[in-house]
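Reminder, nothing fancy here: chain letters follow the sequence lines and each chain counts from 1.
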Amino acid sequence: MSTQASILQVENISTRFRTQDGYVHAVNGISFDLKKGELLGVVGESGSGKSVTMMSLLKLLPMPPAEIVSGTAKFEDQDLIQLDTNQLRKIRGGKIGFIFQDPMTSLNPVLTIGYQLAEPMREHLGFSRRKARKRSAELLELVGIPMADSRLNDYPHQFSGGMRQRVMIAIALACDPKVLIADEPTTALDVTIQAQILDIVKRLRKELGMAIIWITHDLGVVAGMADRVAVMYGGFIVEEAPVNELYANPKHPYTQGLLKTLPNLEGDRAKRLESIGGQPPDLHQEPKSCPFAPRCSKAFERCLQENPSLINRGKNHKVACWWNSDSGEKV
Amino acid sequence: MSSEERPVLLKVEGLKKHFPITKGVFRRQVGAVKAVDGISFDILKGETLGLVGESGCGKSTAGRVILQLYSATAGNVSFKGQDLMSLNKEDLRKQRPHMQMIFQDPQDSLNPRMTVGSIISEPLVEHGKFKGSERRERVEQLLESVGMNREFTNRYPHEFSGGQRQRIGIARAIALSPEFIICDEPIAALDVSIQAQVVNLLEDLQEEYGLTYLFISHDLSMIRHIADRVAVMYLGRIVELTDSETLYSTPQHPYTQALLSAVPIHDPKHEMNRERVILTGDVPSPANPPPGCHFSTRCPRAEKRCFEESPEWREIEPGHQVACHLV
Ligand SMILES: Nc1ncnc2c1ncn2[C@@H]1O[C@H](COP(=O)(O)OP(=O)(O)OP(=O)(O)O)[C@@H](O)[C@H]1O
Ligand SMILES: Nc1ncnc2c1ncn2[C@@H]1O[C@H](COP(=O)(O)OP(=O)(O)OP(=O)(O)O)[C@@H](O)[C@H]1O
Ligand SMILES: [Mg+2]
Ligand SMILES: [Mg+2]
């Protein structure tokens with residue numbers, strides 16, 4: 001997998017928001033490489049900047065208050081960050097598909113589901129109205145919505161939470177994207193329909209060589225889908241490794257804590273759930289030290305003074321931590 | 001706590017909600033989406049009833065009809081012995097503080113033009129609870145209890161991440177210390193650590209104040225943890241209902257069995273090679289449910305009679321109800 005060419009190279013993206021009481025430093029220098037046909041899982045704390053990072057790449061954030069302070073994102077010899085809105089519009093929903101976390105914010109409540117599905121195909125693929133409608137019904141059926149043809153005339157509020165989410169998935173897949181960015185795409189789906197959707201995605205990856213960024217809180221889904229996983233905390237990637245390696249040998253104390261908090265289908269059901277103590281970082285402060293240090297049981301002086309950068313520690317395994325989990329050494 | 005001693009808090013009988021399907025400019029009714037098609041269950045005081053089922057099977061609609069946010073097509077809902085459907089507007093308003101809902105889509109319930117502080121204090125104001133600095137203190141305390149910073153009261157919903165918005169909705173729902181909360185996918189948007197924090201909070205409130213929950217979720221591991229009993233819904237009907245222990249160890253309905261086999265496991269070695277029961281066959285529509293058993297079109301074990309007769313809802317063991325011909 002690592003010998004594959006990259007399709008998206010993201011370097012040093014920083015995004016902040018201007019608010020009444022100063023800047024919110026949401027994303028602080030994120031870099032990653034997405035290979036052709038690869039599935040990169042992105043996990044991390046709620047509020048850690050997963051959505052903002054990905055929305056920055058396609059300028060899907062309201063600017064202002066959002067500002068992209070630095071960074072490049074190379075896709076097919078172009079830097080997405082430098083493109084203007086018109087140029088980006090040609091890529092969004094075409095070569096790069098995007099599934100938003102919140103279907104209600106991205107589906108237009110006054111347009112029918114059928115219109116919203118057909119529109120990108122008419123724009124990016126030049127489909128006729130009839131052809132686009134026919135394909136829309138096929139896509140709805142593909143994501144498991146019965147009597148798809150008649151439901152094209154419905155409005156979003158007539159669909160259940162999970163059905164809206166599946167509409168978003170269908171829209172994102174409509175134009176056979178080269179890169180699919182999926183932000184929590186299956187949170188509203190039951191496990192059987194989720195399994196069905198995951199199967200479709202696996203198939204499209206194989207057939208079309210689609211590369212995917214999959215943001216999720218579901219570590220079970222990551223385990224079954226991802227080649228590589230990036231873990232985010234406080235606007236940084238704090239760990240990145242191939243999926244098996246990450247689960248077997250997590251090196252960052254935040255990742256270790258995260259893997260410990262999972263409830264499961266066996267064992268004592270009444271046991272109180274474990275959570276990571278303490279508060280998430282205050283993003284109003286420009287991060288000068290390790291963002292996890294105040295909650296970290298391994299933290300020592302240096303962690304409160306300097307922010308560790310993401311470095312290789314083991315084969316393809318990157319960590320941003322002053323404490324070496326393998327040797328117990330404080331670096 | 002033995003369940004026999006607990007009084008029934010909420011009783012649902014034969015509840016139906018059909019949405020009309022209309023056609024043409026005169027909006028002539030040509031059919032109905034039978035989103036909820038005759039469900040019955042009790043929830044005891046202080047218990048958590050889990051509600052699981054396929055996406056689109058009617059869980060959120062059931063929640064809304066129970067709280068009278070939608071009017072029912074048929075059936076009865078009584079809360080502490082009071083028939084909610086017979087109440088007039090004012091009497092219903094008086095019941096509202098006791099019954100709350102955490103909505104699946106935080107967008108549905110958070111007004112984008114209001115600050116977080118006013119969103120959470122709105123129910124307090126509406127029902128005249130707490131005044132002045134006490135109210136402010138209560139709001140900040142609520143924010144903290146859902147794992148958020150006290151200082152966030154002056155911000156607007158769009159300034160928050162998906163998971164943070166969901167927690168604002170939770171803080172609002174618990175503001176009036178209700179007796180009964182319908183939690184519609186309250187934790188789907190949260191990371192596992194904050195999920196644990198929120199679930200622990202809900203359990204603490206339950207312990208302390210005897211709160212009762214209807215907990216709708218797709219997360220079967222979390223349902224197993226939080227629910228005393230679980231109802232499994234399929235296409236507008238409940239197909240199985242029993243205590244958590246029994247449901248997870250000996251599920252009886254073929255749909256429950258398929259559901260449990262598909263839970264993702266957080267172990268990549270295991271997960272990559274796993275075979276799930278992926279349901280095949282036609283996904284039926286609630287506008288046109290199959291005759292006989294609703295699950296028959298996809299059931300791996302369906303026989304002739306499953307396609308013809310609707311299975312009866314019966315008790316196979318004390319406290320374990322199933323609707324299936326083959327059990
Ligand atoms: N418009 C805005 N103004 C100010 N702050 C913002 C704005 N939008 C997002 N943020 C902040 O940026 C941070 C990152 O948000 P983001 O949505 O990327 O989080 P996330 O990792 O996707 O979280 P979740 O898992 O909850 O979706 C959050 O702390 C959020 O409060
Ligand atoms: N306002 C409405 N008008 C028409 N049909 C509706 C309306 N609300 C819901 N429905 C339909 O009723 C059915 C049940 O929807 P509901 O939202 O209750 O499902 P759900 O079980 O909560 O699903 P999910 O797990 O995806 O949230 C769906 O087929 C949906 O399309
Ligand atoms: Mg997000
Ligand atoms: Mg729902």
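- A distance of 7.0 Å separates CG in B:D219 from CG in A:D218, rounded to the nearest 0.5 Å.
- With a 4.5 Å cut-off on non-hydrogen atoms, B:E159 touches chain A through its side chain but not through its backbone.
- Heavy atoms closer than 4.5 Å to chain A are found nowhere in B:D184, neither backbone nor side chain.
- Contacts of A:Q101 with chain B are made by side-chain atoms alone, with heavy-atom separations under 4.5 Å and no backbone atom involved.
- At a 4.5 Å heavy-atom cutoff, the contact between B:L259 and chain A is made by backbone and side-chain atoms alike.
- Of the possible donor and acceptor atoms, one in the side chain of B:D191 sits under 3.5 Å from a partner among the backbone N and O of A:S46.
- The heavy-atom pair separating B:I194 from A:E45 by the smallest distance is CD1-CG, 4.4 Å.
- Contacts classified as salt bridge (Lys or Arg N to Asp or Glu O under 4.0 Å) and involving residues 188-198 of chain A (residues at least two apart or in different chains) are not found.
- For B:F152, no part lies under 4.5 angstrom from a heavy atom of chain A.
- Heavy-atom distances place no part of A:D154 under 4.5 Å from chain B, backbone and side chain included.
- Contact count versus chain A (heavy atoms, under 4.5 Å) is highest, among B:K59, B:R167, B:R155, for B:R155.
- Residue A:D21 touches chain B through its side chain alone, counting heavy-atom pairs closer than 4.5 Å.
- Only the side chain of B:A287 has a heavy atom closer than 4.5 Å to any heavy atom of chain A.
- To the nearest 0.5 Å, the span separating CD1 on B:I21 from CG on A:N153 amounts to 11.0 Å.
- For A:Q194, the part lying under 4.5 angstrom from a heavy atom of chain B is the side chain only.
- When each of B:G56, B:S193, B:A188, B:G58 is scored by its heavy-atom pairs under 4.5 Å with chain A, the top score falls to B:S193.
- By the 4.5 Å heavy-atom criterion applied to side chains, B:H218 and A:V191 are not counted as neighbours.
- Using a 4.5 Å cut-off between heavy atoms, B:S249 does not touch chain A at all.
- The part of A:Q20 that comes within reach of chain B is its side chain, from C-beta onward, which places non-hydrogen atoms under 4.5 angstrom from that chain.
- Residue A:T187 touches chain B through both its backbone and its side chain, counting heavy-atom pairs closer than 4.5 Å.
- Proximity to chain B is absent for every atom of A:S150, based on heavy atoms less than 4.5 angstrom apart.
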Applying side chain to side chain donor-acceptor pair (under 3.5 Å) to A:R166 and B:S55, what does each step give before you reach the verdict?
CA-CA 10 Å; A:R166 285 180 274 160; B:S55 167; 2.8 Å; yes

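- Interface remark: of the candidates B:Q197, B:E203, B:H158, B:E54, B:E54 forms the most heavy-atom pairs closer than 4.5 Å to chain A.
- Heavy-atom distances place the side chain of A:I193, and not its backbone, under 4.5 Å from chain B.
- Every residue meeting the side chain to side chain donor-acceptor pair (under 3.5 Å) condition with A:R18, not counting sequence neighbours, appears here in chain and number order: A:Y23.
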